Amino acid sequence: MSFVSLGCPKALVDSERIITRLRAEGYALTREHKGADLVIVNTCGFLDSAQAESLEAIGDAMAENGKVIVTGCMGAEPEKITERYPKVLAITGPQQYESVLDAVHRAAPPKHDPYLDLVPPQGIKLTPRHYAYLKISEGCNNRCTFCIIPKLRGDLVSRPAGDVLREAEKLVAAGVKELLVISQDTSAYGVDIKYAASPWQGRDIRAKFLDLSRELGSLGAWVRLHYVYPYPHVDEVIGLMADGKVLPYLDIPFQHASPEVLRRMKRPAAQEKTLHRIKRWREQCPELTLRSTFIVGFPGETEQDFEMLLDWLDEASLDRVGCFKYEPVRGAPANDLGSPVPKEVTEERWHRFMAHQQAISAKRLKRKVGSRQQIIIDEAGPTVAKGRSMGDAPEIDGTVYVASKKPLKVGEIVSVKIQKSDAYDLHGSTG
Ligand code: SF4
């Protein structure tokens with residue numbers, strides 16, 4: 001069986017679950033479509049460009065193999081797939097693990113495998129063994145106007161805290177050194193189940209952002225929080241960061257700073273006084289790294305809105321920032337807002353944004369020169385290894401290049417003296 005996994009870390013977790021189940025049933029993974037019994041394509045439907053990439057991946061699988069099962073976000077709109085590829089064997093939506101398995105059983109019935117129990121108890125991970133994504137909920141209760149995820153994935157469904165903690169425990173026992181907590185809205189965790197408590201290690205743990213973070217922090221691995229919105233209760237977690245229980249890192253997708261644009265985007269927590277809050281967080285936890293993403297060129301964004309965003313960036317002085325050019329997503333309410341921003345204006349704003357933020361990020365990073373940082377090693381090398389500080393998430397943030405006399409192992413956490421910084425990365429040595 002061959003598998004293509006596209007899209008965000010949440011989709012990656014879905015892929016891991018499907019692969020784990022299939023491996024448990026004795027199916028083997030191959031690297032190539034050619035010669036495989038079938039191909040599963042886990043698609044992303046977030047943006048039109050992601051849909052195009054998904055359709056291309058399905059096309060490749062059809063051409064090279066011909067027996068193809070499609071799952072993931074694009075599966076919520078099957079006609080888009082069948083129009084182009086009527087011979088696809090089955091199409092299932094996001095998180096429909098059982099339907100994917102049924103389709104696989106039909107297309108390639110499982111063989112009896114006496115080695116069933118050899119599958120490691122933590123499941124098969126697509127990320128390197130030393131870090132793993134931990135999905136705490138599915139779906140989203142927000143209705144941001146540029147996003148169709150709630151339409152595709154439904155409202156928020158939180159996992160009981162006990163379940164999440166048991167999975168985290170198994171991962172740590174299997175050698176995972178860093179847990180990346182993900183969901184569509186991590187700060188909303190538990191709202192749907194009224195923060196119901198569930199048993200773990202003989203205690204009842206509430207499905208609350210603070211409680212879950214505290215317990216995850218007790219497992220002895222780095223815990224990194226992604227997709228958090230600046231609701232007032234997030235302040236409580238900063239204390240855990242200051243105490244070293246969870247990483248001093250928050251990934252908050254602010255998306256904009258102009259109140260008018262945020263209103264049109266219908267962003268959660270848009271009314272909160274974020275600059276004031278960021279200042280307080282940093283007072284409480286000076287090591288805090290803040291990462292965020294923004295959208296420029298959103299319908300109706302004026303030059304004044306955009307300049308307000310640049311000024312806000314100066315004030316907020318975020319450490320790590322990504323910026324997207326607005327792209328209309330089919331089915332998203334933002335398409336009906338009117339006043340589209342011309343492409344060349346969006347482009348020009350994107351360049352201005354990036355140049356502006358790059359200077360801020362470089363300045364923030366420079367503060368670390370001369371300090372000692374704990375670095376987790378991602379890639380070993382003969383003289384220089386690649387790693388990340390507590391302020392760098394895998395894939396999206398910077399790299400720390402570590403010179404060391406003795407060879408370093410992947411997953412090892414070492415103390416590094418930082419000697420140099422550039423726009424995104426740090427350089428240092430263990431000596
Ligand atoms: S918070 Fe907004 S952008 Fe994120 S998934 Fe929910 S609706 Fe989409």
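This one's a predicted model, so the numbers in the text were calculated from it and none came from an experiment. In listed order, ligands and their atoms are each counted from 1. Note that the numbering runs from 1 along the sequence shown for the chain.
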Check: Is any side-chain heavy atom of Tyr189 less than 4.5 Å from a side-chain heavy atom of Leu212?
Finding: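 Result yes, sub-4.5 Å side-chain heavy-atom pair found.
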Next item on the list: Can you label the angle between the Phe294 ring and the Phe353 ring as parallel, tilted or perpendicular, going by 30° and 60°?
Entry: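 Phe294 and Phe353: tilted rings.
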Check: Under 30°, 30 to 60°, or over 60°: which ring-plane class applies to His233 and Tyr231, parallel, tilted or perpendicular?
Finding: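 Because their plane-to-plane angle is under 30°, the rings of His233 and Tyr231 count as parallel.
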Next item on the list: May I ask you to identify the nearest protein heavy atom to atom 6 (Fe) of ligand 1, giving residue, atom name and distance to one decimal place in Å?
Entry: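 Result for atom 6 (Fe) of ligand 1: Cys140 SG, 2.3 Å.
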Check: Nearest to atom 8 (Fe) of ligand 1, what protein heavy atom do you find, and at what distance?
Finding: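 Of every protein heavy atom, Cys147 SG, 2.3 Å lies nearest to atom 8 (Fe) of ligand 1.
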Margin query: Under 2.8 Å from atom 2 (Fe) of ligand 1, can any N, O or S atom of Cys144 be found?
Written below: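 Yes, within the cut-off.
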Check: Under 3.5 Å, is there a donor-acceptor pair between the Tyr424 and Arg320 side chains?
Finding: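 No.
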Next item on the list: Would you check if the distance from the ring center of Phe254 to the ring center of Trp312 is below 6.0 Å?
Entry: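 When the ring centroids of Phe254 and Trp312 are compared, they turn out to be within the sub-6.0 Å range.
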Of the side chain and backbone of [X], name the one, both, or neither that has a heavy atom under 4.0 Å from an atom of ligand 1.
X      : value
Asn142 : both
Tyr227 : neither
Pro150 : side chain

Checklist line | Glu32, CD: over 12 other non-hydrogen atoms inside 6.0 angstrom | finding: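 Open.
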Next item on the list: Under 4.0 Å from a heavy atom of Gln184: give me the atoms of ligand 1 that qualify, with their elements.
Entry: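 Answer for ligand 1: 5 (S).
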Notebook entry, point to check: Arg267 heavy atoms, cut-off 4.0 Å: which ligand 1 atoms fall inside?
Noted result: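 Going through ligand 1 atom by atom, the ones under 4.0 Å from Arg267 are 2 (Fe), 3 (S).
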